[in-house]
*Asks:* 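Supplied in structure tokens, the structure appears directly below.
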Amino acid sequence: MTKTKILNKTLFTVLCLLFFSCGYSQQTKKEEIPLLHGAHHTGKRMDADMVRWRGYGLGQFIHWGVYSILGGDYNGKHYSDVGGAAEWIRSWKEVPHHVYDNLYKQFNPTNFNPTQWAAMAKQMGVKYVTFTTKHHDGFCMWPSKYTDYTIANTPYKKDIVGPIVDAYTKAGIDVYLYFSIMDWHNPDWRYDLKTKGDSIAFDRFKLFTKNQLTELLKNYPQIKGFWFDGTWDNSWKKSGAFSDSLDQYLKAIHPGLIIGSRLRADDKGNRHFDANGNLMGDYEQGWERKIPKTYADTHGNDWDCVMTIPENGWGYAKTWLGHWKTTDELLEMLAQCVSLGGNFVINFGPKGDGSFRDKEIQNAKEIGDWMKVDSEAIYNCGYAGWEKQDWGYYTKKTGENKVYMIVFNVPVSASLKIKPSNKVIVDKAYFLNSPGKELPLEKLDYGASFIHLPGNFKANKPFVIVLETSATTKQHNGPKAKT
Ligand code: 1KN
């Protein structure tokens, strides 16, 4: 072949490759829908604040407000009997609005002790707390200057949010503020924008919202983020440009601020994920009282799961007749969330007087007792990428060659099967609480192994086995079965 011929041939090959790869990518790549107010970045936030958030593992949610006075009961009837959540009691037909809207005149939580609250949370092992500054009823737990419906006008008079922010921050627990956009008290709130009048009122409402949030950031500069709620109505879904600008404004005046995917809507009214499927927020905020089944369900995003201890209801319910989650159930949910790369947040509903119900105190104590021994498998841990086994959940320490097995179900054989992901080998296994004593590993096919528990082994609590790992270039392909 001559030089030109070779050149021509090369040119032809290059052109063919270009042609086919373009055609291919056109076929497989979806058209991007142009959006002014969609996600402004994809992938995880990797700054120090978000890395810290990712490592929390366990959090506390607190729902406390004037609804806590009624505790889910009115006139001897239980709202929970008709499936109602105690913090929503104002919307129950049994409760006249004028009664609810005057409850604040009785709000006087003489047993409120923020230092004690923070100490309980600290003992429990939580790394962050989310506190209700304003729920849907519109009552403000801080002395907002933009409404009279606040703690300042109760017999208690004093700010609640500030002392909570201070006490928890002092205890080393990061504080996030729950804030409901939907506000049943503000006459400018609208569910939809149908008339010119609606839009005018809602414009006032947007300014009110921005003012209140600015006020919270100014009053409590230690906070790390907001947890928004009540953003599902058409009025808000049609205000995507506003929620986008609000998000950017809050982050500009408070660098590092963390806001989940429940604040914004895109140009077309999509929430959480924009029309192109990209997350609008620093983490996915849709896992409320439910946990993803698989890692694929999390879309590889950051996320947290918020959970009630009773079946439903976030505010204090005097009479709870349904199931109350046991500490072991909550620990299993915690392990499951961390194993899938999320944080787990357990809700508490203090009583109207500021004290916690005994059952919650007990759950908190027992979780803390477990965390004292086993939290190494929770903090700064995430998805390990190993095939799940029936005994429980793997978590992996970020940046280290350590995988934890959080074991909930010991098989009758007392042998726990593990199957590391490809190119990972297990060097040794031991109980978290006795690092010196190695557990025997028996190699099986396909890179799997058995960990044999000691003969007399008995567990009445979930426990943790540490696996020290190293990288290998070998694939774990065992003998291929003939099929
Ligand atoms: C099913 O509809 C709702 C609406 C609001 C379910 C829950 C909620 C609120 N979000 C939780 C975090 C609580 O504040 C609850 O009142």
Side-chain angles (χ1 to χ4, degrees), residues 58-74 78-80 82-93 95 100 103 126 128-142 160-161 164 175-185 189 191-192 209 212-213 216 225-237 258-265 271-272 281 283-292 303-318 320 322 325 330 333 337 342-352 360:
L58 178 62
Q60 181 187 38
F61 212 144
I62 297 180
H63 275 72
W64 199 38
V66 290
Y67 44 80
S68 315
I69 299 172
L70 294 182
D73 288 358
Y74 191 70
H78 309 315
Y79 189 30
S80 59
V82 293
E87 75 284 0
W88 271 74
I89 198 165
R90 187 184 183 277
S91 64
W92 191 19
K93 62 174 183 357
V95 181
Y100 190 93
L103 275 178
V126 307
Y128 69 130
V129 65
T130 303
F131 180 73
T132 47
T133 57
K134 178 177 92 164
H135 205 262
H136 310 329
D137 60 10
F139 181 75
C140 299
M141 297 293 268
W142 82 101
I160 298 273
V161 177
I164 287 182
V175 183
Y176 292 73
L177 302 183
Y178 170 105
F179 184 96
S180 170
I181 296 289
M182 177 171 73
D183 185 322
W184 296 331
H185 191 266
W189 165 257
Y191 290 92
D192 205 344
T209 300
Q212 285 208 316
L213 293 170
L216 286 170
F226 286 111
W227 204 96
F228 288 105
D229 203 5
T231 51
W232 47 76
D233 287 302
N234 280 339
S235 52
W236 193 254
K237 289 201 282 189
I258 293 171
I259 296 177
S261 64
R262 233 183 248 204
L263 175 64
R264 294 183 48 199
R271 297 174 60 240
H272 298 282
Y283 62 96
E284 192 184 343
Q285 205 190 336
W287 299 102
E288 180 164 321
R289 296 201 299 121
K290 59 180 194 281
I291 300 175
W303 58 277
D304 72 1
C305 164
V306 293
M307 186 59 70
T308 54
I309 310 184
E311 289 289 275
N312 193 13
W314 301 77
Y316 173 62
K318 274 183 199 152
W320 178 261
K325 290 182 188 70
L330 293 166
M333 290 173 166
C337 287
N343 293 326
F344 185 60
V345 181
I346 303 174
N347 180 69
F348 290 73
K351 301 176 193 173
E360 286 182 349

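As the structure lists them, so they are numbered: ligands from 1, and atoms in each ligand from 1.
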*Asks:* Taking ring pair (Phe, Tyr, Trp, His ring centres under 6.0 Å) as the definition, give me every residue that meets it alongside Phe179, ordered by chain and number, with sequence neighbours left out.
*Replies:* none
*Asks:* List by chain and number: which residues place a heavy atom under 4.0 Å from ligand 1?
*Replies:* His63, Glu87, Trp88, His135, His136, Tyr178, Trp227, Asp229, Trp232, Glu288, Trp314
*Asks:* Name the orientation class of the two ring planes belonging to Tyr191 and Trp189 (parallel below 30°, tilted from 30 to 60°, perpendicular beyond 60°).
*Replies:* perpendicular
*Asks:* Going by the side-chain contact (heavy atoms from CB on, under 4.5 Å) test, name the single residue among Lys134, His136, His135 that passes it with Asp183.
*Replies:* Lys134
*Asks:* Taking side chain to side chain contact (heavy atoms under 4.5 Å, CB included) as the test, write out the residues that go with Thr308, two or more places apart.
*Replies:* Arg289, Pro310, Trp314, Lys325
*Asks:* Please name all residues satisfying ring pair (Phe, Tyr, Trp, His ring centres under 6.0 Å) with Trp142, sequence neighbours left out, ordered by chain then number.
*Replies:* none
*Asks:* Regarding Tyr100 and Asp137, is there a side-chain donor-to-acceptor distance under 3.5 Å anywhere?
*Replies:* yes
